[in-house]
Amino acid sequence: MMTEKCDVLILGAGAAGMMCAIRAGKRGRSVVILDHARAPGEKIRISGGGRCNFTNIHAGPKNYLSANPHFAKSALARYSPRDFIALVEKHRIAWHEKTLGQLFCDDSAKDIIRMLLGEMQAVNAKLRLETSVSAVAHDGGRFRVTTSGGVIEAESLVVATGGKSIPKMGATGFAYQIAEQFGLKLIEPRPGLVPLTLDPALLERLSPLAGVAVPAEVSHGKTSFEEALLFTHRGLSGPSILQISSYWREGDVIRLKLEPGRDIVALLRQAKQKNGRQSAQTALSEILPKRLAQHVVEQTGITGNLADMSDKVLAKLAAQVQDWQIKPAGSEGYRTAEVTLGGVDTMALDSRNMAVKAVPGLFFIGECVDVTGWLGGYNFQWAWASGQAAGEFA
């Protein structure tokens, strides 16, 4: 069987891999990009409810978790959200900004995939789908990769196969196997941006709230996020919970402040002055979803009319809304996690180009590296930036 040769071989046709292929191809490098999936960019396709939250205008190092928080600075500084927006606009893809700096396609996430494929085609990058890798060898300064379609030899090997999140889409820990083969350390991978589960007793107590969504400030230690919270049949979800899940560890407590922008005591006092004969539940139903108002009153055991309630009792009701302490039992795991935390230890990589310091020509980019963004377009921006950085050098 003939051995195919190229300058740059990229494993993984996701956001980071395709970005790297485009940049390397623009430098005149011959590029082959492989993926075991039937279609490229599957995570792009399903993201943002099918509209792809492709970046966040606020993306900066502060929005990323890593054992080395400084590592992401170089790549993010050299390829910014504005740079990616310019590419999107060059392809006349209409987009809009949602809350908190999140940018989405007006039409479909497939527009972003088409754009990347078009850019790859323009630089003659060869895309091979439904191709699996069985072995990676490094000999005489070159990489030999055995695939289901034959052997490919390359000067540079870029690993962009992602993390373990959403296994039903074909996600595996393959990048970590390659990293360990070349002697690189891993920061323990775990699910990130994931719903949290509750123990059976607490779940039963909160079961009437399944499906209720409410604005919340969710805190873990000194970190807090103020976004929607959703009670589910398994536990807690919604953007605020997904965000805090990346900071939470088993055994830790999280704090929930529901309706954080409202002074519940003041609102109850007003309701008391206006109509003292109404119950606490009726008054709270004006402030909170009805089922949540009922739950709060049942938990406090407070009965009677507002007229008979002291400020101390009203404060007790308010605390039941705005001072929850919950110890989650666990998370829903990789099945529903949007990203994988941890991964290839950045101490082994050059932050300017994502290259492995000890193995010339080997690069790790995107989600498989120990850099994880917040919810809201940050992880795509890391994919674009790290892919671009490697593509400039591979």
Side-chain angles (χ1 to χ4, degrees), residues 8-21 32-47 65-66 113 116 127-138 143-152 154 156-195 245-246 330-346 348-349 354 356 359 362-373 379-380 382-383 386-387 390:
V8 184
L9 176 60
I10 301 168
L11 307 183
M18 289 195 279
M19 201 68 183
C20 181
V32 174
I33 179 167
L34 309 179
D35 203 298
H36 64 175
R38 285 183 187 170
E42 280 294 85
K43 264 198 166 181
I44 298 173
R45 184 180 62 79
I46 67 158
S47 70
L65 290 82
S66 174
I113 298 171
L116 295 168
L127 173 62
R128 308 270 163 77
L129 297 169
E130 297 183 90
T131 303
S132 57
V133 173
S134 56
V136 175
H138 184 231
F143 295 88
R144 278 177 66 82
V145 177
T146 307
T147 80
S148 53
V151 175
I152 304 174
S156 295
L157 178 66
V158 182
V159 182
T161 55
K164 290 181 174 182
S165 58
I166 321 187
K168 73 167 186 274
M169 288 178 56
T172 68
F174 187 58
Y176 311 142
Q177 292 171 33
I178 298 175
E180 287 177 325
Q181 179 186 332
F182 286 94
L184 308 188
K185 285 184 184 165
L186 295 179
I187 303 296
E188 183 197 357
R190 58 195 175 91
L193 299 181
V194 64
S245 73
S246 294
S331 81
E332 289 191 10
Y334 291 117
R335 186 181 63 81
T336 56
E338 298 210 6
V339 290
T340 306
L341 291 152
V344 178
D345 190 342
T346 60
L349 307 178
M354 311 302 293
V356 177
V359 187
L362 181 61
F363 300 78
F364 286 85
I365 59 175
E367 193 184 339
C368 67
V369 177
D370 175 36
V371 174
T372 306
N379 287 294
F380 274 128
W382 171 245
S386 61

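- Minimum heavy-atom separation, Leu127 to Ala13: CD1-CB, 3.8 Å.
- Listed for the His36 side chain is no donor-acceptor partner under 3.5 Å among the backbone atoms of Leu129.
- At least one donor-acceptor pair closer than 3.5 Å links the side chain of Ser245 to the backbone N or O of Val194.
- Between Phe174 and Val133 the shortest side-chain heavy-atom distance falls below 4.5 Å.
- Minimum interatomic distance between Ala337 and Gly192 (heavy atoms only, all atoms of both residues): CB-O, 3.4 Å.
- A 4.5 Å side-chain heavy-atom check between Tyr176 and Lys164 finds at least one atom pair inside the cut-off.
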Stepwise side chain to side chain contact (heavy atoms under 4.5 Å, CB included) test for Arg45 and Ile113: CA-CA 7 Å; Arg45 184 180 62 79; Ile113 298 171; 3.8 Å; yes
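- For the pair Thr340 (side chain) and Pro191 (backbone), a donor-acceptor distance under 3.5 Å is absent.
- Taken from NZ in Lys168 to OG1 in Thr336, the straight-line distance is 8.5 Å, to the nearest 0.5 Å.
- The shortest side-chain heavy-atom distance between Val32 and Ile10 does not fall under the 4.5 Å cut-off.
- Atom-to-atom distance recorded for His138:NE2 and Ile178:CD1 is 13.0 Å, nearest 0.5 angstrom.
- Taking 4.5 Å as the limit, every side-chain heavy atom of Asp35 sits out of range of all side-chain heavy atoms of Thr131.
- Closest of all the heavy-atom pairs between Met354 and Trp382 is CE-CZ2, 3.6 Å.
- Remark: side-chain polar atoms of Asp345 are not paired, donor with acceptor, to backbone N or O of Ile187 under 3.5 angstrom.
- In this structure, the separation between OG on Ser156 and CZ on Phe143 is 7.0 Å, given to the nearest 0.5 Å.
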Please report the C-alpha distance between Leu157 and Val136 in whole Å, then the side-chain angles of each, then the deciding distance to 0.1 Å, and finally whether the side chain to side chain contact (heavy atoms under 4.5 Å, CB included) criterion is met. CA-CA 10 Å; Leu157 178 66; Val136 175; 3.6 Å; yes
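- Residues Val151 and Arg144 are in side-chain contact: their nearest non-hydrogen atoms beyond the backbone lie under 4.5 Å apart.
- Across every non-hydrogen atom of Val159 and Cys368, the tightest pair is O-SG, 3.8 Å.
- Within the 4.5 Å cutoff, side-chain heavy atoms of Met19 are placed close to those of Leu116.
- A donor-acceptor pair under 3.5 Å links the side-chain atoms of Tyr334 to the main chain of Arg190, judged by distance alone.
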Stepwise side chain to side chain contact (heavy atoms under 4.5 Å, CB included) check, Ile33 with Arg128: CA-CA 6 Å; Ile33 179 167; Arg128 308 270 163 77; over 6 Å; no
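- Here the shortest heavy-atom pairing between Lys43 and Glu338 reads NZ-O, 3.1 Å.
- In this structure the side chain of Val344 reaches within 4.5 angstrom of the side chain of Leu186, judged on heavy atoms.
- Checking Glu367 against Ser165 by side-chain atom types alone, a donor-acceptor pair falls below 3.5 Å.
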Step by step, work out the side chain to side chain contact (heavy atoms under 4.5 Å, CB included) result for Ser386 and Val371. CA-CA 10 Å; Ser386 61; Val371 174; over 6 Å; no
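- A donor-acceptor contact shorter than 3.5 Å links the side chain of Ser246 to the backbone of Leu193.
- Here CD1 of Ile152 is found 4.5 Å from CG of Leu34. Values are rounded to the nearest 0.5 Å.
- When all heavy atoms are compared, the tightest approach of Ile365 to Ala390 is CG2-CB, 3.5 Å.
- Side chain of Thr346 to backbone of Leu349: no donor-acceptor contact under 3.5 angstrom is found.
- Under the side-chain contact (heavy atoms from CB on, under 4.5 Å) test applied with Val356, the options Phe364, Phe363, Phe182 reduce to a single match, Phe364.
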